[in-house]
There are 4 protein chains.
Amino acid sequence: MTVPTTERGARTRAALVAAGRTVFERDGFTDSRIADITREAGCATGSFYTWFASKSELLSVVLYEAQRDVVVPRLDATAADPFVTLTEGHRRYFENYQRNARLMLVLEEVAAVDPAFRELRRRRGEALARRTATTIEKMQGDGLADPALDPYATARALDGMVSHLAYYAFVLGDTFDIDALVETTDRIWRNALSPRHQT
Amino acid sequence: MTVPTTERGARTRAALVAAGRTVFERDGFTDSRIADITREAGCATGSFYTWFASKSELLSVVLYEAQRDVVVPRLDATAADPFVTLTEGHRRYFENYQRNARLMLVLEEVAAVDPAFRELRRRRGEALARRTATTIEKMQGDGLADPALDPYATARALDGMVSHLAYYAFVLGDTFDIDALVETTDRIWRNALSPRHQT
Amino acid sequence: MTVPTTERGARTRAALVAAGRTVFERDGFTDSRIADITREAGCATGSFYTWFASKSELLSVVLYEAQRDVVVPRLDATAADPFVTLTEGHRRYFENYQRNARLMLVLEEVAAVDPAFRELRRRRGEALARRTATTIEKMQGDGLADPALDPYATARALDGMVSHLAYYAFVLGDTFDIDALVETTDRIWRNALSPRHQT
Amino acid sequence: MTVPTTERGARTRAALVAAGRTVFERDGFTDSRIADITREAGCATGSFYTWFASKSELLSVVLYEAQRDVVVPRLDATAADPFVTLTEGHRRYFENYQRNARLMLVLEEVAAVDPAFRELRRRRGEALARRTATTIEKMQGDGLADPALDPYATARALDGMVSHLAYYAFVLGDTFDIDALVETTDRIWRNALSPRHQT
DNA sequence: AATGAATGAGTTTTCATTCAT
DNA sequence: AATGAATGAAAACTCATTCAT
């Protein structure tokens with residue numbers, strides 16, 4: 001992961017990152033070749049190693065760049081209705097997932113193959129859930145959420161539900177549209193979290 | 001996927017399937033070698049091809065055999081409490097997932113790489129969700145489920161939540177135990193499905 | 001090249017020879033598999049080696065059987081017109097070649113690969129030419145053939161011309177029909193052999 | 001069939017072509033190994049595939065280079081004696097065939113195995129015959145050739161005779177020398193083509 | 001005799017990475 | 001920095017032949 005000094009170097013490196021994304025999306029990680037990437041980038045095979053130590057390293061960079069603009073949905077415990085921001089968040093999440101669907105598949109692939117990527121994913125999931133859990137706790141304190149729920153486990157479950165829906169919809173090609181996804185997600189979050197009167 | 005005629009053939013084939021599972025679990029799909037499998041099975045490399053056309057084909061068989069004893073959780077719309085069978089179903093599902101965790105990772109891997117496996121997964125998910133959806137509809141008719149929910153989308157979401165939890169817990173190694181998983185899942189399903197008084 | 005004792009053995013062996021011809025014609029020698037032949041013959045792989053020591057050996061038998069009904073054209077030095085029998089001989093030769101065209105290609109193949117087959121072919125060609133040469137000599141003695149011709153070399157040349165025409169016509173798929181082939185061959189033999197007045 | 005950019009690449013590629021010829025001549029096509037060729041060329045196995053996609057492709061190049069200096073015998077319809085150039089042409093043809101005899105055998109081999117090479121051969125034969133046919137026609141017009149002959153078929157037959165003789169002589173190892181071959185060929189062409197007084 | 005499975009040496013081909021220029 | 005060729009260790013797969021039943 002060498003950092004370019006010259007203008008020319010920066011250009012080559014950028015071309016390789018862009019080409020990497022293109023090729024990874026088209027062929028997946030395992031089935032992509034360094035030679036394909038350099039051809040796509042319009043440079044010589046050898047030049048790849050001027051900037052990256054391996055295919056994995058390039059993938060890391062590609063994924064990192066792609067995830068910079070990912071918005072994670074969040075509850076807003078301070079709002080009158082804590083769910084309003086969530087709805088919008090989910091919509092953005094689904095839209096983003098759709099845009100990056102092929103890349104998500106690649107992520108799935110390397111997560112399955114490489115423990116390091118797996119650990120990364122676990123950490124990300126954990127961090128996200130922890131934040132949601134905190135909000136749930138606060139909502140429980142305010143009587144806005146079912147006190148019987150384990151905040152962290154619930155957060156995990158609800159987060160997972162969303163990413164799973166996105167995977168089925170945009171990677172596996174299930175047909176339902178984003179509006180329907182958002183609506184369902186929204187309602188289930190509300191139902192699941194809201195305090196029950198019966199039970 | 002040739003079928004053995006003789007006793008001896010059956011033995012060799014079975015040894016290869018068992019060895020396949022062992023090796024796939026240990027090394028993953030991409031990183032496993034036919035030679036490792038035959039060594040594990042105690043036969044010659046060539047014998048592999050007597051029974052299977054490729055590594056993929058062996059994996060199909062291994063996965064098929066592993067999934068034969070998978071129990072899928074189901075709601076029971078006819079019971080007084082439709083959720084009781086579900087709780088037990090989820091427990092069994094998690095236990096099973098834990099037992100087959102490494103194999104599930106392999107499944108994830110090939111689903112990411114091979115469109116055929118992906119399609120298989122989509123179909124399985126769809127079939128499962130369709131069944132759950134039918135039950136939800138019935139429950140809605142009986143006033144036992146929130147009529148505002150789209151039955152199919154909800155089924156998808158809840159199913160997905162469960163498998164996602166299992167993945168994080170047993171593949172990525174999140175720490176919480178099965179009891180906690182079952183409890184959380186159970187409560188979220190109840191909350192999500194039950195008709196709301198407010199709203 | 002074991003000889004069958006039992007009725008059953010004879011049947012299997014015959015089936016293998018027939019299957020061999022079919023498969024060799026379809027796939028050529030190098031690209032044919034013992035397994036294909038036994039499948040075609042409806043017997044087990046192992047049974048092949050009960051009757052033949054190798055694929056080459058089977059081919060020898062197949063070729064031998066096919067060449068049993070080959071008629072070689074010959075001049076008749078005792079006839080008023082020595083060429084009349086020749087015309088008919090050439091016709092039969094071409095007809096036969098056409099029937100066995102695929103097999104001739106296989107013969108070409110093994111002759112190119114295997115010195116033993118090459119030697120066989122050389123011998124056959126030599127024997128045939130020698131016979132023709134004898135007739136030419138007699139014709140020269142009777143003033144019916146150009147005395148300037150080297151009988152053996154001429155025989156070789158004319159024989160070769162015929163087989164070459166057959167190869168181009170029926171193996172390579174040149175379009176001209178047998179009548180035309182016979183006519184041309186006939187006329188060239190006559191012209192080539194007949195004594196010249198000028199020269 | 002990649003084209004080298006650098007001097008070094010050109011050297012390696014040329015070495016492979018030379019080595020290919022050596023090995024093909026020694027072992028034939030089917031019985032030659034890529035590894036033998038690269039060893040002979042003094043480079044690594046992988047380097048073969050930098051320049052050629054397959055063994056077939058290398059053979060094409062080898063044959064193409066070998067055929068560049070092949071001289072085809074031709075009649076000269078404008079000369080007083082149309083056969084004088086032919087005699088010299090045949091001599092050169094035989095000499096050349098003798099020099100390339102092993103390669104001709106390889107050509108025979110691939111023509112027998114590979115339809116693409118067969119088609120190539122057919123085309124070449126056709127083109128050559130067509131040219132000879134044109135000359136024969138002209139000779140017929142000038143009263144120099146037997147008008148009863150079908151020019152194209154005759155051309156085919158006479159050409160075939162020559163190549164067949166060469167094959168028997170230099171590939172199968174028939175003993176007669178080039179002088180004898182030329183003389184016989186020459187005389188037969190003359191006899192065959194010249195207008196007959198009787199008939 | 002027939003069967004059908006087992007064997008394993010032998011080859012092609014791929015491709016990440018290195019290297020000389 | 002870039003280039004483009006060289007490298008050679010894999011790995012999959014084939015198939016004639018052998019062998020136990």
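Below, all heavy atoms of this structure are taken into account, side chains as well, without hydrogens, waters or symmetry copies. Below, chains carry the letters A, B, ... as their sequence lines are ordered, and counting in each starts from 1.
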Quick one: pull up CG in D/Asp31 and CD in D/Glu109 and give me the separation to the nearest 0.5 Å.
7.0 Å

Interatomic spacing from CZ in A/Phe29 to OG1 in B/Thr30 - rounded to 0.5 Å:
10.5 Å

Whenever both distances are under 3.5 Å in a Watson-Crick or G-U wobble pair, mark it; put DNA chain E into dot-bracket that way, with [ ] for crossing pairs and | when the partner is on another strand.
.||||||||||||||||||||

In terms of the nearest nucleotide of DNA chain E, which residue is placed more toward the 5' end: D/Ile34 or B/Gly42?
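In this pair, the answer is B/Gly42.
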
Whichever of D/Ser54 and A/Ser32 has its nearest DNA chain E nucleotide further upstream toward 5':
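In this pair, the answer is D/Ser54.
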
How would you label the contact of [X] with the nucleic acid (heavy atoms, under 4.0 Å): base, sugar-phosphate, or nothing?
X       : value
B/Thr5  : sugar-phosphate
B/Thr6  : sugar-phosphate
A/Thr38 : nothing
D/Thr30 : nothing

Taking atom [atom2] of [N] as reference, at what distance in whole Å does atom [atom1] of [X] sit?
X       : N      : atom1 : atom2 : answer
B/Phe48 : F/dA11 : CZ    : P     : 15 Å
C/Asp27 : F/dC15 : CG    : C1'   : 14 Å
B/Phe52 : F/dA12 : CZ    : P     : 15 Å
D/Tyr49 : F/dA9  : OH    : P     : 16 Å
C/Arg33 : F/dC13 : CZ    : C1'   : 12 Å
D/Asp31 : F/dA16 : CG    : C1'   : 14 Å

Answer whether the closest heavy-atom distance between the side chains of [X] and [Y] falls below 4.5 Å.
X        : Y        : result
A/Arg118 : B/Leu105 : yes
D/Glu65  : D/Arg21  : no
D/Arg11  : D/Glu7   : yes
B/Leu107 : B/Arg121 : yes

In terms of the nearest nucleotide of DNA chain F, which residue is placed more toward the 5' end: D/Thr2 or A/Trp51?
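So the residue in question is A/Trp51.
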
Going by atom type alone, with no hydrogens or angles, which donor-acceptor pairs under 3.5 Å involve a side-chain atom of residues 44-53 of chain D and a protein atom two or more places apart or on another chain?
{"residue": "D/Thr50", "atom": "OG1", "partner": "D/Ser47", "partner atom": "O", "Å": "3.4"}

Neighbour count >12 (heavy atoms, 6.0 Å) for atom CZ, C/Arg26:
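For C/Arg26, atom CZ is crowded (more than 12 foreign heavy atoms under 6.0 Å).
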
Under 4.0 Å from any heavy atom of chain A: name the first and the last nucleotide of DNA chain E that qualifies, 5' to 3'.
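So the contact region on DNA chain E extends E/dC15 to E/dT18.
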
side-chain contact (heavy atoms from CB on, under 4.5 Å) partner of A/Val23, the single match among A/Arg39, A/Glu40, A/Arg33:
A/Glu40

